[in-house]
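Side-chain atoms are counted along with the backbone in the values below, which use heavy atoms only and exclude waters and symmetry mates. Residues: numbered from 1 along the sequence shown. All values derive from a computational prediction rather than experimental measurement.
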Amino acid sequence: SYLYKTKGTCSTMIEVELDGHVVKDVKFTTEPESNPKLVQGLTVEQVEEKLSGISCSGRPTSCGDQLAKACRAALEAQNA
């Protein structure tokens, strides 16, 4: 699994587990309103397509946007 330190969200850390390009599991330090199980089984690219760029309460990022970034970082770390 890969730990990603978030920036600009209520949650401070996201743990992402991948199986190749596929999201296996996601855990937030502070659970956001959306259910992270909704992205299980999706590829990193699909998560990015659905969640990248979403803002929250006037902030330039959101838990979803940070999740997309976390998935990309986990994939890059896995491939390094």
S55 side chain vs G58 backbone, donor-acceptor pair below 3.5 Å: no

Residue pairs involving residues 15-24 (criterion side-chain hydrogen bond (donor to acceptor under 3.5 Å, both in side chains); sequence neighbours excluded): S1-E15, H21-E45

Identify the two heavy atoms, one from [X] and one from [Y], that lie closest to each other, and give their separation to 0.1 Å.
X   : Y   : value
V23 : C71 : CG2-SG, 3.9 Å
A73 : Y4  : CB-CD1, 4.0 Å
T12 : T29 : N-OG1, 3.0 Å

From CD1 (I54) to CZ (R59), nearest 0.5 Å: 13.5 Å

Sole residue of V39, L18, V22 in side-chain contact (heavy atoms from CB on, under 4.5 Å) with V44: L18

Non-neighbouring partners of K7 that pass salt bridge (charged side-chain N to carboxylate O under 4.0 Å, His left out), sequence neighbours left out: none

[X]: side-chain contact (heavy atoms from CB on, under 4.5 Å) partners, not counting sequence neighbours:
X   : result
T9  : T6, S11, T61, C63, Q66
A68 : V47, E48, L51, S52
K50 : L42
E76 : R72

